[in-house]
Amino acid sequence: MNLFADIRALVIDCLTDLTTEGVLPDGLGFDNVTVEPPRDASHGDMATNAAMVLAKPAGSKPRDIADALAAKLMGDARIVSAEVAGPGFLNLRLDASVWAGVVKAALTQPDFGTSDLGAGKKINVEYVSANPTGPLHVGHTRGAIFGDALASLLDYAGFDVTREYYINDGGGQVDVVARSVYLRYLEAHGQEVTFEDGTYPGHYLIAAGEALKDKVGDAYVDQPEDVWLADVRVFATDAMMDLVREDLASLGIKMDNFFSEKSLYGTGRIEEAIADLKSKDLIYWGTLKPPKGKMPDDWQPREQWLFKSTDFGDDEDRAVQKGDGAWTYFAPDIAYHFDKVSRGFDALVDVFGADHTGYVKRMKAAVAALSGGTVPLDVKLAQIVRLFKDGSEFKMSKRAGTFITVQDLVDQVGKDVARFIMLMRKNDTPFDFDFDKVTEQSKDNPVFYVQYAHARVHSVLRKAADAGIDLSDLAGADMSLAATEPENALAAKMAEWPRVVEVAARSNEPHRVAQYLYDLASEVHSLWNRGNDDASLRFLQDDNIPASQAKIALIRAASVVISHGLGILGVTPAEEMR
RNA sequence: GGACCAUUAGCUCAGCUGGAUAGAGCGCUGCCCUCCGAAGGCAGAGGCCAGAGGUUCGAAUCCUCUAUGGUCCGCCA
């Protein structure tokens with residue numbers, strides 16, 4: 001159930017009636033009519049802008065429309081009052097039975113809050129896609145967590161979601177890893193090795209070197225590169241991807257599909273994608289203009305194959321083939337997205353790091369061209385995270401050895417904290433991650449605050465069970481026993497949940513879920529605190545089992561919504577804080 | 001030179017795709033624990049929504065320009 005959608009439908013019905021009665025002229029569009037929670041609770045439970053939106057096209061005053069609509073709405077049992085206010089808002093108050101319905105829905109409908117927004121459409125969310133050169137570091141985590149929560153959100157909103165990781169195993173960096181693993185392999189055979197420029201000395205490669213030794217023995221020792229490179233490349237990539245998978249798992253991320261860039265080479269798939277663009281007359285032989293601003297010293301004009309991305313809003317056309325005939329990095333990316341389109345996805349989302357900002361337009365251009373404009377691509381950027389520790393910024397440096405991995409992060413603050421904190425902020429604004437603050441166990445820490453709300457409810461449930469209160473049919477409780485104003489406020493907040501899901505999913509913004517959970521948790525805590533002063537608001541009412549059941553039903557419903565929301569964010573809904 | 005993103009309370013950030021008197025946390029101020037739910041609670045102060053124009057019933061939100069900050073900008077991967 002979605003209360004806001006229900007009431008909006010009611011408003012539209014009433015407007016339609018007014019049209020047939022001749023109060024409103026024919027042919028009015030109701031698309032702009034909204035039903036929203038009011039900014040100020042004293043205005044009522046819901047507000048509609050119908051009168052203001054329709055006044056102009058209907059050629060009448062907002063007040064007149066509002067009055068007529070109010071009279072109509074009052075005919076529905078759910079509407080207790082409908083008052084015109086401000087510039088023409090219609091403020092609605094809802095019957096207490098409506099809130100009881102929300103509580104029951106949250107308790108009995110496992111899909112409370114899910115949506116048919118996605119209508120089963122296939123959507124592909126690509127995220128992380130870090131080079132397979134080693135374990136993930138903190139720089140990757142924001143995009144990883146964001147992409148994962150977004151995927152869950154879209155799933156919850158009714159999309160058929162595929163979580164995907166693009167393995168950049170086609171470029172030269174893989175050779176570097178392969179050579180580095182080879183050095184560690186020699187080391188495993190007791191040789192002295194030195195890591196020169198162009199190799200990675202990372203300790204995480206030691207295990208890979210030993211594993212290679214276990215696999216091939218001494219077959220590659222003191223052999224020229226052409227003997228072992230191809231094989232070690234595969235071996236090293238697999239080993240690195242195993243590390244990546246472990247890191248993802250420790251963040252609670254599990255991909256549906258890993259797509260190998262390498263699989264595009266030598267299989268005709270790049271050629272196929274480029275041919276598709278050629279057939280659309282979007283590939284031509286030409287010369288790029290020199291870059292503006294600081295001119296590279298060695299820049300020289302050169303003729304090459306270019307993609308006409310300017311036709312689709314890009315600033316420059318982009319090269320797909322280098323002067324030496326090899327593909328640019330862009331070419332396999334085109335082929336990869338061609339593959340996504342070919343797999344029948346209705347929509348695509350790419351999550352990039354902030355360092356790929358300049359890449360967005362050409363990627364959108366490519367997808368628009370390849371799909372004939374039928375498949376939308378939304379690119380979300382994960383902005384940088386500044387790390388703070390002991391009051392000052394913590395700069396990462398590979399050389400200085402101050403390199404924080406995903407494992408370090410998870411070890412220090414835990415998966416739940418890392419996920420929630422990063423998901424509270426919009427993805428495209430930079431933010432500061434303070435190690436000291438996020439591990440604090442207090443109200444000031446939003447992760448703790450939300451989890452604590454959930455745990456508190458479970459604490460009440462345990463106490464109620466100890467007191468022998470029957471909790472087997474909370475949905476059947478007489479909710480009129482928990483219908484005071486602060487209690488209704490909590491139910492009203494729950495009623496927003498389906499709306500939050502839709503809005504968040506429509507804009508691909510999971511942070512809205514986190515913000516909402518904070519607000520909902522706040523309502524739970526607030527109600528709890530009121531019990532300190534007003535014993536009639538305590539959840540366990542001595543000698544009044546029906547009232548206790550109703551109040552428990554209310555907060556239990558809230559905890560169910562919290563756990564749904566935390567589920568989307570990938571944060572554990574703790575039942576107990578320790 | 002250009003692109004993208006940001007700019008909201010002293011600080012860190014929200015603001016539900018254009019709605020009413022712009023919100024939260026921290027910090028600040030003032031109250032509140034002999035007892036039952038204080039890892040606290042309640043209340044208050046604090047804003048020219050970077051600036052200037054524009055669009056309309058109505059703008060923090062949309063458009064243009066300007067300023068500041070961030071991320072980038074060759075056939076790199």
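Here is the naming used below: chain letters follow the sequence lines, and residue numbers restart at 1 for every chain.
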5'-most by nearest nucleotide on RNA chain B - A:N49 or A:D324
A:N49

Residue whose closest nucleotide on RNA chain B lies nearer the 5' end, A:V503 versus A:D315
A:D315

Suppose we screen for side chain to side chain donor-acceptor pair (under 3.5 Å). Which residues come up paired with A:T328, at least two apart in sequence or across chains?
none

What orientation do A:F433 and A:F435 show, parallel under 30°, tilted 30 to 60°, or perpendicular over 60°?
perpendicular

Using 30° and 60° as the class boundaries, would you call the ring planes of A:Y516 and A:W497 parallel, tilted or perpendicular?
parallel

Looking only at heavy atoms, which two atoms of A:Y518 and A:V450 are closest? And how far apart?
CA-CG2, 3.8 Å

What's the [atom1]-[atom2] distance between [X] and [N], to the nearest Å?
| X | N | atom1 | atom2 | value |
| --- | --- | --- | --- | --- |
| A:M46 | B:A20 | CE | C1' | 18 Å |
| A:D314 | B:C73 | CG | C1' | 11 Å |
| A:H43 | B:U21 | NE2 | P | 8 Å |

Heteroatom pairs (N/O) under 3.5 angstrom, protein to nucleotides 28-36 of chain B:
| residue | atom | partner | partner atom | Å |
| --- | --- | --- | --- | --- |
| B:C36 | O2' | A:R538 | NH1 | 3.0 |

For B:C33, is chi within 90° of 0 (syn) or not (anti)?
syn

Stem list, RNA chain B (Watson-Crick or G-U pairing under 3.5 Å, at least 3 consecutive pairs):
B:1-7 with B:67-73, B:10-13 with B:23-26, B:28-32 with B:40-44, B:50-54 with B:62-66

Quick one: which of B:A39, B:C76, B:U71 gets closest to the side chain of A:K322?
B:C76

Run the salt bridge (charged side-chain N to carboxylate O under 4.0 Å, His left out) test against A:R179 and tell me which residues pass, sequence neighbours left out.
A:E225

With the criterion being N/O to N/O and under 3.5 Å, what pairs connect the protein with nucleotides 22-27 of chain B, and how long is each?
| residue | atom | partner | partner atom | Å |
| --- | --- | --- | --- | --- |
| B:C26 | OP1 | A:D444 | OD1 | 3.2 |

Once base and sugar-phosphate atoms are separated, protein heavy atoms under 4.0 Å mark nucleotides 7-14 of chain B, 5' to 3', with B, S and - as -----SSS

